[in-house]
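Shown next, in structure tokens, is the structure this report addresses.
Heavy atoms only: backbone and side chains are in, while hydrogens, waters and symmetry mates are out.
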Amino acid sequence: MLNQYIKIPLLVKANDKKVSYQCISADEVGWKHLNFESRMLQQHETWEGNTGQNEMLFVLLGGNFSAQTDQGFWETKNGRKDVFSGLPHALYLPPNTNYSIKASSQVLDLACGWCPAEEIHPVQFITPEKVDEMGIEFRGGDNASRQINSILPPGSDCQRLVSVEVYTPSGNWSSFPAHKHDEVKIDPETGAVKEASLEEIYFYKVDQPQGYAMQKVYTDDRSLNQITESHNNDAVLVPRGYHPVVALHGYNVYYLNFLAGSHQSLANTDDPDHKWIYGTWKGMDERIPMVTLDMNSGEK
């Protein structure tokens, strides 16, 4: 099971005055696996380093970049202006890989999640076309409708990292009915993973600066029971428990999920109090999809 306590509050406020405006270290928060950072780079500035003993996934939030690594060179041509203007590019790097990512647009907004890995998997340059090909999922219904874009979903050619991005229209609920993934449960007959033990980060964008999302993180016994107010560029840590989200009325909400832990999986357990809601929806919100491939006409 994941650590029962976490060293800092679940809500991590952005520092928009710094190039690295979000930086979450597993060591600092008392986790075993998951780290996160986001940076805002000006044209020609670089984010460079070596992955060390980690696998890393860079996700393009806005702009365009070129990437030079030990295993090749890649560049984006049709990067989205921001997360509400198209599908993502992403770059997966295995351990012990040198990288240099350069902003080729006036401004580059870039996020990265990483975790320790012992296995070596190939570099992957994930394009908006690939994200679209993997399938854009419309989940829930009525005022719990949302859009999920898979970036590094379960079954990907990596060891532990999982990443998806979620779009929640104004006033809608997301990650609901609530679920948890904080203990390993294996089907004794099939060996299938019924629940994984995962650390998770929610990284938020809101389409207007005064907007926000509310998120509740709680356990069955309420030993963990917190409500957070997440504004643009804020992050929420989910060490355990259920974690539903609601978008403030009038504001569309985006969040980028990174997860890492016992399995490269999203296997979870629903909150039994709310599981009955499945199957009661009348239809999908007409505002879904919120972003599509044809919006990727290049950063402007």
Less than 3.5 Å apart, any donor N or O on the side chain of [X] or [Y] sitting next to an acceptor on the other?
| X | Y | value |
| --- | --- | --- |
| Tyr218 | Asp271 | yes |
| Glu37 | Asn35 | no |
| Ser85 | Asp82 | yes |
| Asn233 | Asp16 | yes |
| Asn268 | Glu195 | no |
| Asn172 | Asp285 | yes |
| Glu200 | Asn257 | yes |
| Glu55 | His121 | no |
| Glu229 | His231 | yes |
| Arg287 | Asn252 | no |
| Ser38 | Gln22 | no |
| Ser174 | Thr168 | yes |
| Asp220 | Tyr242 | yes |
| Asp27 | Ser25 | no |
| Tyr202 | Asp234 | no |

Aromatic rings [X] and [Y]: how do their planes relate, parallel, tilted or perpendicular, breaks at 30° and 60°?
| X | Y | value |
| --- | --- | --- |
| Tyr254 | Phe84 | perpendicular |
| Phe176 | Trp173 | tilted |
| Phe65 | His89 | perpendicular |
| His179 | His243 | perpendicular |

Euclidean distance, [Y] [atom2] relative to [X] [atom1], rounded to 0.5 Å:
| X | Y | atom1 | atom2 | answer |
| --- | --- | --- | --- | --- |
| Leu93 | Cys158 | CG | SG | 12.0 Å |
| Arg160 | Asn54 | CZ | CG | 10.0 Å |
| Ile101 | Thr46 | CD1 | OG1 | 9.5 Å |

For residues [X] and [Y], determine if any side-chain heavy atom of one lies less than 4.5 Å from a side-chain heavy atom of the other.
| X | Y | result |
| --- | --- | --- |
| Trp74 | Leu91 | yes |
| Leu224 | Pro239 | yes |
| Met290 | Pro169 | yes |
| Ser170 | Leu248 | no |
| Pro209 | Asn232 | no |

(Q) Tell me which one of Arg39, Lys81, Lys205 satisfies side-chain hydrogen bond (donor to acceptor under 3.5 Å, both in side chains) with Asp109. (A)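 The single option meeting the side-chain hydrogen bond (donor to acceptor under 3.5 Å, both in side chains) with Asp109 is Lys205.
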
Q. Relative to Tyr21, does Lys18 satisfy both conditions: NZ or CZ under 6.0 angstrom from the six-membered ring centre, and within 45 degrees of the ring's axis?
A. no

Q: Begin from the C-alpha positions of Gln53 and Asn96 and carry the test side-chain contact (heavy atoms from CB on, under 4.5 Å) through to its verdict.
A: CA-CA 6 Å; Gln53 300 304 305; Asn96 303 310; 3.3 Å; yes

Is the number of heavy atoms from other residues, nucleotides or ligands within 6.0 Å of [atom1] ([X]) greater than 12?
| X | atom1 | answer |
| --- | --- | --- |
| Glu118 | CD | yes |
| Lys13 | NZ | yes |
| Lys102 | NZ | no |

Report yes or no: do [X] and [Y] belong to one cluster of Ile/Leu/Val/Met/Phe/Trp/Tyr joined by side chain heavy-atom distances under 4.5 Å?
| X | Y | value |
| --- | --- | --- |
| Tyr167 | Phe258 | yes |
| Val59 | Val253 | yes |
| Leu11 | Val166 | yes |

Q: Quick one: do Leu152 and Val162 satisfy side-chain contact (heavy atoms from CB on, under 4.5 Å)? Show the steps, please.
A: CA-CA 5 Å; Leu152 204 65; Val162 177; 5.9 Å; no

Q: Taking the six-membered ring for Trp and the single ring otherwise, decide whether the centroids of Tyr212 and Tyr204 are under 6.0 Å apart.
A: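 No - the distance between ring centres of Tyr212 and Tyr204 does not fall below the 6.0 Å cut-off.
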
